[in-house]
Amino acid sequence: MDAKCKRLSNLIKENAKRRMELLEKESNLGVQIRGKYKEMGDLKKEEESRQQRIIKAKEDLAIAEAELRNLPVYEPPKDVLDKLRSQISDLKVSANQKRIQKQDKEKVLNQKNIALRHCVDRLKDMENKNNKLLQALRNSGAEKIFEAYHWLREHRQELNKEVYGPVLLEVNVSNRDHADYLEGHVPYYIWKSFITQDPHDRDFLVRNLKSFDVPILNYVRDKYRHKEPFFISNEMRELGIYSRLDQVFEAPDAVKEVLISQFGLEHSYIGSKETDQKAAEVAKLRVLDFWTPENHYRWSVSRYGGHVSGSVDPVDRSRLLLCGSDVGEIERLRCRKEELEEAVGALEEDLKLLMTEQRSIDEEEAKLHKQREEIVGNVTLEMRKRREMENRVDQRKRKLESLLREDDQDAVMAKLIDEAANLNTRRLQCAIDIKNLLVEAVAYKWNFAEKHMTSIEFDAKIRELEHGLKQPAKFAQQVACQLEYCKKETEDHRQQLLAAKRHAESIAIITPELEKAFLEMPTTIEELEAAIQDTLSQANSTLSLNQNVVEEYEHRQGKIEAITKKLEADKEELKKCLAEIDALKESWLPTLRSLVTQINETFSHNFQEMAVAGEVSLDEHDNDFDQFGILIKVKFREAGQLQVLSAHHQSGGERSVSTILYLVSLQDLTNCPFRVVDEINQGMDPTNERKMFQQLVRAASQPNTPQCFLLTPKLLPNLEYSEACSILNIMNGPWIEQPSKAWSSGECWGAVTGLLGESRC
């Protein structure tokens with residue numbers, strides 16, 4: 001039945017395919033017929049248009065022939081063209097001569113300019129103050145100062161603010177004696193230093209100029225710093241004091257502020273030889289530092305007893321600020337420069353004259369070329385007009401001939417009508433074939449429906465029979481499973497029996513006597529257990545009077561076996577735990593070592609910047625994790641060795657410095673909202689405290705770092721602060737009259753300081 005349905009389905013599909021082909025063929029024929037009708041309509045329109053175009057072509061041809069006959073004949077002016085050609089040739093010869101003269105002059109001028117540039121460069125090198133000062137720094141020990149200076153000039157566009165340096169180049173002192181005083185007062189390292197005005201610029205220069213061995217200082221403007229006004233009293237003038245060290249040199253504001261604030265230039269005065277003779281009287285005016293042409297006087301007052309001690313040092317001559325030069329060589333180079341400039345000026349005037357003459361010749365030649373081109377253009381235009389007229393006449397003749405030679409339109413129309421009739425006949429035949437196929441398709445579908453209904457009835461009967469067969473098959477499967485289970489149980493009991501037999505044979509060999517005894521024994525398990533119990537009772541009463549010996553023996557034997565098993569289990573558990581410990585150790589110990597290495601790098605770098613050494617290491621003790629720790633080793637003297645940080649080897653200030661640097665090294669590795677450091681600077685000497693504060697400010701000012709609070713009752717003067725730092729002064733009591741009034745009205749600290757200033761006045 002399925003085969004018959006499938007065959008009818010294939011016949012229906014084949015019929016549908018043939019109908020689609022005929023429909024497509026009929027559609028194509030319809031398109032062709034419409035195209036033929038459109039061609040016939042277009043042909044009629046083309047015939048009407050052709051007749052009109054023929055009439056228009058004849059009219060255009062007559063007009064063109066008349067224009068050609070009326071066009072006058074043009075004769076070119078040959079005499080004028082020959083004369084212009086001769087004049088242009090003469091001008092070209094003159095221009096070439098001037099050009100050769102100009103090239104000779106330019107060659108000589110180029111040579112003179114080269115010589116002049118060499119002379120000017122050499123004169124600049126000898127007169128260049130910066131080169132002299134840099135050379136003086138190099139001679140004094142700063143071997144790479146030139147490289148550092150040129151590196152800064154090349155990378156200046158990468159900096160945020162202006163950077164000054166070396167300081168020696170920024171300071172200008174006109175008086176030789178004042179130069180001696182200033183150079184003697186300021187330490188040597190400051191002259192080769194570079195001064196920045198931005199923390200990021202400072203860090204950038206520290207990283208890149210480290211190999212050049214030059215110091216980097218960062219200047220932060222202190223708005224509240226009180227500047228000492230310049231004032232010379234009459235008593236000072238009578239003793240010969242006429243100026244102060246911060247008034248005798250010129251420098252950028254940042255450089256000058258650093259020199260004044262760092263080295264106290266505003267407290268060092270300058271006197272004459274008369275001051276040298278009256279030095280003892282100067283000290284009475286509370287002038288504790290002054291210079292004379294011969295000596296440098298300094299007095300210091302004890303903080304405790306108020307005792308005054310003084311020192312007098314001779315004035316050394318300046319080796320850096322004032323550098324000599326070869327005056328004779330400079331004068332000779334200046335004369336040579338003037339001679340070359342005069343020669344270059346004369347050559348330039350000659351070149352200008354030659355260029356003017358050449359320009360006039362070129363302009364005259366250009367005018368002649370323009371006249372000649374105009375005449376040639378007129379000749380070309382007239383000739384082109386005649387050729388265009390002749391071409392127009394020829395084109396219109398050819399167009400008229402082509403219109404007259406076109407095919408007969410009646411023959412073409414008859415041909416199109418025949419083709420349209422043939423296409424209509426073929427289209428009718430396709431329609432008849434489609435009708436026949438539709439009748440055939442209806443018959444096939446009717447037959448297919450009958451066969452399909454019969455097939456559905458057969459399928460229903462088959463499903464009923466299959467459902468009746470499933471119940472016996474399921475029962476047979478359950479019986480087979482039960483059989484397999486019984487076989488498995490039988491095999492298990494057989495194996496147990498064999499094992500019990502082997503165990504019995506291992507204890508005693510079966511002899512004929514034992515075999516006979518086994519035959520006499522009870523045949524049930526209950527009777528065998530009762531016999532075993534009777535035998536044990538007889539054995540106990542025979543071997544010992546103590547009824548508990550056998551039980552105690554068996555009890556201890558069981559405990560021994562249990563302890564042995566527990567010991568083996570504990571050993572396995574110990575191995576497993578040790579393996580787990582090693583695995584866990586491998587997961588965190590490398591990370592811990594890496595963190596300690598990072599801390600050590602930052603810690604060592606921070607200690608190196610303070611001119612000391614230190615390191616951080618991990619103190620490991622195998623698997624004794626309670627003994628793990630961090631070892632901090634430091635040294636604060638060049639001759640010493642690294643020692644573990646403790647109260648036995650370092651002072652309290654040294655331990656405070658080490659502790660704060662260790663905390664700074666943890667900045668990049670810990671995440672917290674803020675940090676608080678309480679009085680860490682107490683007990684430090686001023687040098688270490690200043691260096692420690694600089695390190696703390698730098699670490700706390702880095703981007704993406706938490707807020708840091710430093711609590712302290714005092715700070716050193718003139719510390720360097722970054723833009724990220726804020727200073728908060730805490731009001732320390734309501735009994736101070738002016739501040740308490742200001743705070744009660746809610747005003748800022750500026751109001752408090754203003755009230756204090758008024759009270760002083």
Side-chain angles (χ1 to χ4, degrees), residues 160 198-204 206-207 218 220 584-610 612-621 625-634 644-647 650 652-684 688-716 719-731 749:
N160 298 329
D198 184 81
H200 299 290
D201 292 345
R202 187 248 344 261
D203 297 338
F204 179 67
V206 168
R207 288 194 303 271
N218 188 54
V220 179
L584 290 173
K585 191 175 179 181
E586 289 298 324
S587 66
W588 59 264
L589 187 57
T591 305
L592 179 60
R593 289 171 177 167
S594 176
L595 289 174
V596 174
T597 302
Q598 296 178 30
I599 296 171
N600 179 48
E601 292 177 357
T602 308
F603 188 77
S604 301
H605 176 72
N606 293 338
F607 257 85
Q608 285 180 357
E609 292 188 354
M610 296 182 66
V612 290
E615 67 176 23
V616 176
S617 60
L618 180 63
D619 187 13
E620 301 183 24
H621 292 274
F625 301 113
D626 291 342
Q627 300 300 320
F628 272 48
I630 295 292
L631 287 180
I632 301 177
K633 296 181 179 180
V634 296
V644 177
L645 187 65
S646 66
Q650 290 84 19
E654 292 173 344
R655 293 200 303 276
S656 298
V657 171
S658 304
T659 303
I660 192 61
L661 289 181
Y662 179 73
L663 294 177
V664 168
S665 303
L666 296 176
Q667 290 276 100
D668 298 334
L669 303 177
T670 56
N671 294 322
C672 57
F674 63 89
R675 294 184 173 89
V676 179
V677 182
D678 184 21
E679 297 188 9
I680 192 66
N681 58 335
Q682 301 304 306
M684 293 186 187
N688 283 333
E689 182 178 351
R690 191 176 297 277
K691 292 180 180 179
M692 177 277 300
F693 187 81
Q694 186 175 4
Q695 295 286 347
L696 185 62
V697 169
R698 182 183 303 178
S701 302
Q702 296 295 326
N704 301 323
T705 55
Q707 190 174 12
C708 183
F709 294 92
L710 173 61
L711 308 179
T712 178
K714 71 171 184 66
L715 284 175
L716 291 176
L719 292 175
E720 294 185 8
Y721 300 91
S722 69
E723 296 180 357
C725 294
S726 299
I727 302 176
L728 302 178
N729 294 308
I730 308 302
M731 176 185 172
W749 184 253

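Please read these numbers as outputs of a predicted model, since none were measured by experiment. Residue numbers run from 1 in the order of the sequence given.
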Within 6.0 angstrom of Gln627 CD, more than 12 heavy atoms from elsewhere: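 Atom CD in Gln627 is crowded, with more than 12 foreign heavy atoms closer than 6.0 Å.
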
CZ/Phe674: more than 12 non-hydrogen atoms of other groups inside 6.0 Å: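 No.
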
Gap between atom [atom2] of [Y] and atom [atom1] of [X] - 0.5 Å precision:
X: Asn600; Y: Leu618; atom1: CG; atom2: CG; answer: 11.0 Å
X: His621; Y: Asp626; atom1: NE2; atom2: CG; answer: 10.5 Å
X: Phe204; Y: Asn160; atom1: CZ; atom2: CG; answer: 10.0 Å
X: Phe625; Y: Leu589; atom1: CZ; atom2: CG; answer: 8.0 Å
X: Ile632; Y: Ser658; atom1: CD1; atom2: OG; answer: 7.5 Å

Distance-minimising heavy-atom pair for [X] and [Y]:
X: Val697; Y: Glu720; result: CG2-O, 4.1 Å
X: Cys708; Y: Leu696; result: SG-CD1, 4.4 Å
X: Phe603; Y: Tyr662; result: CE1-N, 3.6 Å

Under-4.0 Å salt bridge between Glu620 and Lys585: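 Salt bridge absent between Glu620 and Lys585.
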
Whether Thr705 side chain and Ser701 backbone form a donor-acceptor pair below 3.5 Å: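 Checking the backbone N and O of Ser701 against the side chain of Thr705, no donor-acceptor pair under 3.5 Å is found.
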
Under 3.5 Å: donor-acceptor pair, side chain of Asn218, backbone of Asp198: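 Answer holds: yes.
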
